Amino acid sequence: MQMTLYNTFDRTLEEFETLEEQVVSMYACGPTVYNYAHIGNLRTYLFEDFLRRVLEYSGFRVKHVMNITDVGHLTGDNDEGEDKMVKSSRESGKSVWEIAGFYTDAFFRDTKKLNIIPPTVACKATDHIQDMIKLIQRLEEKGHTYTAGGNVYFSIDTFPDYGKMAGLRLEELQSGARIEVDTNKRNPKDFALWFTRSKFENQAMVWDSPWGKGYPGWHIECSAMSMKYLGEQFDIHCGGTDHINVHHTNEIAQSEAATGKPWVKYWLHGEFLIDDSGKMSKSKGEFLTLSLLEEKGYDPLDYRYFCLGAHYRSQLQFSFDALDSARNARLNLLERVSDFLMQSEDRSGLQDQDIRKYISEKGKSLLARFQEYIGRDLNMPRGLSVLWKVIKDQDLQSDEKLLLIKEMDRVFGLSLLERASEERKGLEPETDAEVEILLRERSEARSVRDYSRADEIRDILQVMGIEIKDTASGTTWRKKV
RNA sequence: GGCGCCGUACCCAAGUGGUAAGGGGGAGGUCUGCAAAACCUUUAUGCACCGGUUCGAAUCCGGUCGGCGCCUCCA
């Protein structure tokens, strides 16, 4: 399958070619675990999941590494502001380690609910302090660092290509326009590799290092861990768009300065989820979590469907109206699939990997179109439109539709067939019997034209959350979602 | 102040030179005792606005207005 991806590094669409044949090495910037993830954070992990699934769909084996930032970090490189982990710890009365563990678990619970495939390796920053120290030493040996005010800094003037990806023109940047410049820095864009001094009294997480007791700067963990698990050069590095200017720029500088070779081949960045007030933010207090959506009655997969509706490089406008429409669409999809399952006689092909044996020319051409879209920089919205084409097609048989739907759902990850057959199972057995009795009474009432009694029963069932359908072959029912 | 992105119907949203994907919602219809569901039809001569390039522009260029992001931990 042809694949092109938009590479932030040169801002162009590029043919995707891996360093090693049939294997993709991919690093995704993970969560900072001092609080719950909000749904904007989760959009980025969904984007990465789409990426991974499309790669696997096209036959690659994906080595997918994600970091867990469980080291507390200051709000800036300039040693000002409060450490988020420490703040969270102070507010909750738990230790920083407990906090990190708690929110790491919460994160993976959320991603699991969203059908996000877990990374091959999920690595915690605190387990890799020694790797970071070694990398800093390597930079030190090559003369890329200096120590000032107790902290070790990376000197960007020793790395001529600094800021190339972000397109930063250093002369024109107004450093300090919004924050105070750290006077220890020789160049305002220099960044800390290791802190030994913190203005906070009870820095809970400190480690010994050649530069004294302290903790690592924010950027170093991604360089150290990605190189440890994927090698000094690898295929894809992805994350949120906010990382381009600072985090990824600094990662490139320190990584390439250390190894002396090009580091990452393709940089992919997911755009933000936006609401009425602009970007999602945790600092505003109340923020939207997946659990909150669940409390409001949404299925996590409604949110997944919602995110599939927009391209990953476009900002996506969130509202509950928009989420409702995603939910309706997904439920309609399940309903259709459920009907196909009912009509389908022969499902032998469903187990087969190579579905081409079973599908018609028309099916093949729809599938080809689907592959073309998702291979063209992950155009999931277009992919979805092909799914709907299959669903609504007049010529294809139910069996074939199911094959195609199953195939496409490997990429969408909506569990369409599984959910559709679950939906058909209905309620618990005891309620089941009750419903059947009521339905029988209703059809008796209808047969003697006692419609007021019939409608009364329909209302009772309605209240019980049962939706009925009168069809030519009798009345069917299902639990309302 | 610098850099970047965006403005498509009631809503979400594709499309980046060849005459507007898809979903939701609305409307009409078929079916029905009535509903619901399902199915069918329909819903932007139009892509913020003004100029320009072109045989042809939502798509390219210039300008105007509006929105958003990054430059500070951030997905």
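In what follows, every chain begins at residue 1, and chains take the letters A, B, ... in the order their sequences are listed. Predicted, not measured: the structure shown is a model, and the values here were computed from it.
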Check the interface with nucleotides 26-31 of chain B: list each N/O to N/O pair with the protein under 3.5 Å, or write none.
none

With a 3.5 Å cut-off and no angle check, do the side chains of A:Asn187 and A:Ser155 form a donor-acceptor pair?
no
For B:rC71, does either OP1 or OP2 sit under 4.0 Å from a side-chain N or O belonging to A:Asn245?
no
Which nucleotide wins on minimum distance to the side chain of A:Lys389, given the candidates B:rA21, B:rG15, B:rG25?
B:rA21
I'd like a list of close polar pairs between nucleotides 42-44 of chain B and the protein, N/O only, cut-off under 3.5 Å.
none

When you check the gap from the basic side-chain N to the acidic O, do A:Asp157 and A:Arg186 get nearer than 4.0 Å?
no
In numerical order, the residues of residues 306-324 of chain A whose heavy atoms come under 4.0 Å of RNA chain B are A:Phe306, A:Gly309, A:Ala310, A:His311, A:Ser314, A:Gln315, A:Leu316, A:Gln317, A:Ala322
Tell me what A:His243 touches on the nucleic acid: a base, only sugar-phosphate, or nothing, going by heavy atoms under 4.0 Å.
sugar-phosphate
Reported CZ-to-CZ distance for the pair A:Phe318 and A:Arg43, which is rounded to 0.5 angstrom
12.5 Å
Which residues, if any, of residues 110-118 of chain A bring a heavy atom under 4.0 Å of RNA chain B?
none
Taken in chain and number order and not counting sequence neighbours, the residues that satisfy side chain to side chain contact (heavy atoms under 4.5 Å, CB included) with A:Ser319 are A:Asp321, A:Ala322
Looking across every strand, which nucleic acid part, if any, lies under 4.0 Å from A:Arg43 by heavy atom: base, sugar-phosphate, or nothing?
nothing
Side-chain heavy-atom pair A:Asp377, A:Arg313 within 4.5 angstrom cut-off
yes
Quick check with a 6.0 Å cut-off and a 45 degree axis cone: is A:Arg327 positioned over the face of A:Tyr298's six-membered ring?
yes
Residue mapping more 5' on RNA chain B - nearest nucleotide basis, A:Arg458 or A:Cys29:
A:Arg458
Using a 4.0 Å heavy-atom cut-off, does A:Arg376 contact any base of the nucleic acid, only the sugar-phosphate backbone, or nothing at all?
nothing
Pair assignment for RNA chain B - dot-bracket with | for other-strand partners, Watson-Crick or G-U under 3.5 Å:
(((((((..(((.....[...)))((((((.......))))))....(((((..]....))))))))))))....
For a quick test of reading the model: is some side-chain N or O of A:Lys392 closer than 4.0 Å to OP1 or OP2 of B:rG23?
yes
Describe the nucleic acid contact of A:Phe47 in one word from base, sugar-phosphate, nothing, applying a heavy-atom distance below 4.0 Å.
nothing
Counting any heavy atom closer than 4.0 Å, what does A:Arg453 reach on the DNA or RNA strands: base, sugar-phosphate only, or nothing?
nothing
Is A:Ser385 near enough to B:rA13 that one of its side-chain N or O atoms lies under 4.0 angstrom from OP1 or OP2?
no
With a non-hydrogen cut-off below 4.0 angstrom, is A:Glu48 in contact with a base, only sugar-phosphate, or nothing?
nothing
Which part of the nucleic acid, if any, lies within reach of A:Arg446 when heavy atoms closer than 4.0 Å are counted: base, sugar-phosphate only, or nothing?
base
Mapping A:Arg442 and A:Asp242 onto RNA chain B by nearest heavy atom, which one lands closer to the 5' end?
A:Arg442
Whole-Å gap separating C1' (B:rG7) and CD1 (A:Ile274)
14 Å
